[in-house]
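In this text, all values refer to a predicted model and were calculated from it rather than measured experimentally. Positions are given from 1 along the sequence. As a basis for the values below, the full set of heavy atoms in this structure was taken, side chains included, without hydrogen atoms, waters or symmetry mates.
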Amino acid sequence: MELRFENCCTLTKEALLAMNRKNRNPVFTAAVVVLCAAYLVNGVRAAMAGYPTGLIAPIACAVVLGVFAYFLPNLQAWFEYRKNLAAFGRDARCITKFYDDRFVVENLTTGKEASIPYARIRKVAEDERYVFLLLDTRIISPVDKSDFINGSAEDFAEFIKAKAVNTVRRRADKPERTLEDR
C-alpha cells in the first residue's frame, strides 16, 4: 500500500464557508424560489384586485426569505468555526493521506483518524482553492490545492476523479430498462 498523495488542510472560516456553499441543497433552494414566487404572485393578485398595498408584504417576505437562504451557508460556516475555536482554541488542522484503495484523514487537533474507502465518495467538487470530496454520509472532506506535502494538485485532480468515477451506484430495487420495456 503505497502513499500516493498527502495533503494538509486547515479548516479556516473561508474553508468552512466554501464547504457549505458546495454542499447547498438543491431541494432547499428550489423550495425557496417557489415560496418567493408564490409570495409575489399573491401580492400581484392582491394589487390587481384593488388592494395596492397588498403587494408590500409579499415583496418584503420574498426579500427576507431570499436573503436568509442566500446567507444560510455563511451562518453554518460561522457556527462551525466558532465551535472549533471554542473546542480547540484554534483552527482545526487535518492531514489527508491518499493510498491506492482508500484515504486516511487524521485530525491533528483532536488526534482522531478515519480510514475511508473511495467507494464512499459520491461527488468531487472543486473551486479555485479546494477540492471537496462529498461522501455518502453528507460529510465533506476538503483538500487544499496549495498545501500538498506529497504530489501535486494537478496530478491529484486526475487521480481522485478516476477513483470517484465508479462510486455512483444504481439503486438495487430499480432494474435497468431495456428497449423492449419501452
Side-chain angles (χ1 to χ4, degrees), residues 7-96 103 105 107-110 112 114 116 120-148 153-154 156-157 160-161 164-165 167-169 171:
N7 182 269
C8 178
C9 186
T10 303
L11 294 179
T12 62
K13 191 189 306 185
E14 292 78 24
L16 291 167
L17 179 60
M19 284 169 50
N20 283 318
R21 283 194 175 144
K22 286 293 178 190
N23 199 28
R24 263 196 188 145
N25 188 343
V27 174
F28 175 74
T29 305
V32 167
V33 168
V34 167
L35 282 173
C36 289
Y39 279 129
L40 294 176
V41 166
N42 283 332
V44 169
R45 286 179 47 190
M48 291 175 61
Y51 301 102
T53 58
L55 192 56
I56 295 170
I59 288 177
C61 288
V63 168
V64 167
L65 187 60
V67 167
F68 174 74
Y70 180 77
F71 286 109
L72 185 63
N74 298 17
L75 291 172
Q76 291 170 334
W78 185 79
F79 284 128
E80 186 72 22
Y81 181 71
R82 297 294 294 170
K83 186 173 79 172
N84 284 346
L85 285 182
F88 312 120
R90 59 192 159 97
D91 294 333
R93 291 185 56 108
C94 295
I95 297 283
T96 308
F103 65 101
V105 179
N107 189 327
L108 298 177
T109 310
T110 63
K112 294 182 180 178
I116 304 164
R120 292 193 49 204
I121 298 174
R122 291 293 169 248
K123 184 177 178 186
V124 176
E126 201 173 341
D127 69 5
E128 61 278 348
R129 181 161 177 201
Y130 297 98
V131 175
F132 300 104
L133 307 178
L134 287 78
L135 304 179
D136 56 357
T137 55
R138 298 191 47 89
I139 292 175
I140 300 175
S141 182
V143 178
D144 193 338
K145 292 180 183 178
S146 63
D147 282 337
F148 272 91
E154 296 80 23
F156 173 73
I160 200 64
K161 287 177 183 170
V165 134
T167 60
V168 178
R169 297 182 183 154
R171 289 180 32 194

Exercise for the section: Check for a donor-acceptor pair, side chain of Lys145 on one end and backbone N or O of Asp127 on the other, with a separation under 3.5 Å. Expected result: yes

Problem - Asn7 (side chain) donor-acceptor with Asp144 (main chain) under 3.5 angstrom - result: yes

Handout entry: Heavy-atom check, side chain of Phe68 versus side chain of Val32, under 4.5 Å
Key = no

Problem - Within-4.5 Å side-chain heavy-atom neighbours: Val143 and Tyr130 - result: no

Measuring from [X]:[atom1] to [Y]:[atom2], what's the distance to the nearest 0.5 Å?
{"X": "Leu134", "Y": "Arg122", "atom1": "CG", "atom2": "CZ", "result": "11.0 Å"}
{"X": "Asn107", "Y": "Arg93", "atom1": "CG", "atom2": "CZ", "result": "10.5 Å"}
{"X": "Glu126", "Y": "Ile160", "atom1": "CD", "atom2": "CD1", "result": "11.0 Å"}
{"X": "Phe148", "Y": "Glu154", "atom1": "CZ", "atom2": "CD", "result": "9.0 Å"}
{"X": "Cys8", "Y": "Ile95", "atom1": "SG", "atom2": "CD1", "result": "4.0 Å"}
{"X": "Phe132", "Y": "Ile121", "atom1": "CZ", "atom2": "CD1", "result": "14.0 Å"}

Handout entry: Whether over 12 other heavy atoms sit under 6.0 Å from Tyr39 OH
Key = no

Handout entry: Shortest non-hydrogen separation from Cys36 to Ala62 and the atoms involved
Key = SG-O, 3.4 Å

